2 protein chains.
Amino acid sequence: ADFIIEHEKDFKSAAIISDISGVKTKIAEKLSCLSRKDIAIVLGHPMAGSEKEGFDHANESIFLGRNYIFIEDVAYAEANPELHKKATEQLKELALAIGFSRTIETNAKVHDHKIAFTSQLCHVIASALVQSAEDTEITAFGGGSYEDLTRIAMINAPLWTELFLSNNTELVKHIEIFEKYLDNLKNLISEKNKESLEKNLHEVRKKRIAMNGKK
Amino acid sequence: ADFIIEHEKDFKSAAIISDISGVKTKIAEKLSCLSRKDIAIVLGHPMAGSEKEGFDHANESIFLGRNYIFIEDVAYAEANPELHKKATEQLKELALAIGFSRTIETNAKVHDHKIAFTSQLCHVIASALVQSAEDTEITAFGGGSYEDLTRIAMINAPLWTELFLSNNTELVKHIEIFEKYLDNLKNLISEKNKESLEKNLHEVRKKRIAMNGKK
């Protein structure tokens with residue numbers, strides 16, 4: 001955002017500027033000070049990634065079947081709605097062309113709220129689950145579940161520290177909701193409350209299967 | 001176990017009896033009342049499975065690269081060590097022949113402690129994470145992490161209720177350790193303690209990568 005603000009006057013007319021950062025409220029706020037109305041700023045978040053770093057791990061199938069989110073509420077959209085709409089359409093086409101299966105438009109606040117759940121919360125959980133392991137020999141007793149849940153814990157520490165901290169209010173709320181449900185399941189298990197536990201797991205299964213149909 | 005006890009006298013001499021249940025301490029204890037010394041009971045746990053149920057989802061590659069755990073401490077091993085050893089060897093060969101990549105021998109107590117972590121804890125976390133979702137539309141904002149962490153929540157409710165409850169002491173201990181680490185990360189995020197958070201995530205990454213080398 002600082003770069004765009006600094007170079008505001010250097011962009012060509014009708015230029016389309018986008019980003020791929022994982023937290024949007026702050027960048028959208030910063031950019032609201034821009035004054036040019038003849039350039040389009042469309043923030044975007046490609047929901048794709050890998051725990052592997054660097055060019056050596058480039059993978060042409062990384063975008064396949066993934067979602068690309070575009071943000072519709074930067075000041076620039078209001079300043080020049082027609083240009084903004086055209087730019088968004090072009091970026092959507094580009095996203096689909098490189099393999100994404102679906103594009104979503106939402107605002108920065110909803111984005112940061114939802115992403116704190118689907119992405120950041122999952123990375124925090126995976127990290128805590130790795131910390132909980134007695135030793136690194138534990139995978140000898142694994143059947144795939146532990147490995148699947150903790151793969152994303154091979155985390156880029158500086159990047160994720162920044163993502164967690166710049167969205168910390170939303171993220172902490174989600175962690176607390178998760179802790180409440182986890183604690184409830186723990187209590188049912190501890191009290192051997194078979195009936196409620198089974199009822200809970202039935203509902204979990206139904207809810208998770210419903211998500212599959214929404215891709 | 002009840003079936004074996006009831007039919008103890010009906011088994012052929014030198015018969016090998018095994019099981020595939022997910023919790024071992026209780027079954028090992030029950031079987032300690034058997035008196036025949038000429039049959040081999042070797043409890044086993046194939047660490048493979050799928051969230052899909054029924055014969056329609058049979059999959060010939062389900063065992064590939066997985067671990068098969070054998071239990072070495074049932075009373076019968078002591079009663080006739082030679083027969084028990086021979087039977088274990090035969091079952092190990094069978095496990096490798098059908099695709100498992102590794103066999104492990106351990107005792108029932110260690111098995112139940114480790115499995116409570118790698119398998120049951122992961123299923124509880126996945127279930128709580130599904131319960132935490134605001135709605136089933138959330139996957140529109142997913143990049144794969146949430147889907148990966150919650151796939152195992154398409155859980156067979158009666159089976160997992162039984163597994164959770166029959167190993168509840170070990171499982172509750174692991175949930176509490178996990179909650180402690182999760183709460184610690186939450187506090188670092190909440191307090192914006194960048195330095196400690198980044199240090200934690202660095203260690204998580206190192207630890208998780210070390211696990212990859214142990215498969």
Side-chain angles (χ1 to χ4, degrees), chain A residues 47-49 66-67 104 114-115 117-119 122 124-125 127-132 136-143 145-146 148-150 152-155 157-158 160-161 164-165 168 171-172 175 177-178 181-182 185-186 189-190 192 194 197-198 201-202 204-205 207-211 214-215, chain B residues 47-49 66-67 104 114-115 117-119 122 124-125 127-132 136-143 145-146 148-150 152-155 157-158 160-161 164-165 168 171-172 175 177-178 181-182 185-186 189-190 192 194 197-198 201-202 204-205 207-211 214-215:
Chain A
M47 298 299 299
R66 299 298 186 184
N67 301 311
I104 297 118
K114 302 273 192 191
I115 292 305
F117 181 75
T118 58
S119 174
C122 292
V124 173
I125 288 172
S127 299
L129 194 47
V130 168
Q131 292 188 311
S132 304
T136 58
E137 309 294 327
I138 194 73
T139 45
F141 294 86
S145 305
Y146 183 76
D148 285 349
L149 264 70
T150 58
I152 55 171
M154 285 180 273
I155 209 164
W160 283 92
T161 298
F164 291 162
L165 295 187
N168 72 328
L171 177 54
V172 167
I175 296 175
I177 293 167
F178 171 77
Y181 282 110
L182 181 64
L185 289 175
K186 183 184 77 178
I189 292 165
S190 179
K192 295 205 164 213
K194 187 177 167 175
L197 183 59
E198 197 170 316
L201 298 182
H202 264 304
V204 161
R205 179 179 166 83
K207 190 171 175 184
R208 182 58 181 78
I209 287 172
M211 289 176 188
K214 301 286 168 58
K215 277 220 80 160
Chain B
M47 298 299 300
R66 299 297 187 185
N67 300 312
I104 299 119
K114 301 273 192 191
I115 292 303
F117 181 75
T118 59
S119 174
C122 292
V124 173
I125 288 172
S127 299
L129 194 47
V130 168
Q131 293 186 310
S132 304
T136 57
E137 309 295 327
I138 194 74
T139 45
F141 294 86
S145 304
Y146 184 77
D148 285 350
L149 263 69
T150 58
I152 55 171
M154 285 180 272
I155 208 164
W160 283 92
T161 299
F164 291 162
L165 295 188
N168 72 327
L171 177 54
V172 168
I175 297 175
I177 293 166
F178 171 77
Y181 283 109
L182 181 63
L185 290 175
K186 183 184 76 177
I189 292 166
S190 180
K192 295 205 164 211
K194 188 178 167 177
L197 183 59
E198 196 171 317
L201 298 183
H202 264 304
V204 160
R205 179 179 165 84
K207 190 172 174 183
R208 181 59 180 81
I209 287 173
M211 289 176 187
K214 301 287 168 59
K215 276 217 80 160

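In what follows, chains are A, B, ... by sequence order, proteins preceding strands, each numbered from 1. Remember, predicted model here, so these are calculated numbers, not experimental data.
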Largest heavy-atom contact set with chain A, pairs under 4.5 Å, which of B/Lys114, B/Gln131, B/Lys207, B/His202: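 Between B/Lys114, B/Gln131, B/Lys207, B/His202, the count favours B/Gln131.
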Closest-packed option against chain A by number of heavy-atom pairs under 4.5 Å, given B/Leu129, B/Val124, B/Ile104: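 Ranked by heavy-atom pairs under 4.5 Å with chain A, first place is B/Leu129.
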Just give me the residue among [options] that pairs up with chain B most often, heavy atom to heavy atom, under 4.5 Å.
options	result
A/Leu185, A/Ile189, A/Leu197, A/Ile115	A/Ile189
A/Ile155, A/Val172, A/Asp148	A/Ile155
A/Arg208, A/Met154, A/Met47	A/Arg208
A/Leu171, A/Ile177, A/Ile152, A/Ile125	A/Ile125

Heavy-atom donor-acceptor pair, A/Thr118 side chain to B/Phe141 backbone, under 3.5 Å: yes
Residue pair A/Ala153 / B/Val204: nearest heavy atoms and the distance that separates them: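 That would be O-CG1, 3.4 Å.
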Contacts of type salt bridge (charged side-chain N to carboxylate O under 4.0 Å, His left out), residue B/Lys186, not counting sequence neighbours: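 Only A/Glu176, A/Glu179, B/Asp183 meet the salt bridge (charged side-chain N to carboxylate O under 4.0 Å, His left out) criterion with B/Lys186.
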Residues in ring pair (Phe, Tyr, Trp, His ring centres under 6.0 Å) contact with A/Phe117, at least two apart in sequence or another chain: A/His174, B/Tyr146
A/Lys194, NZ: over 12 other non-hydrogen atoms inside 6.0 angstrom: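 No, not enclosed.
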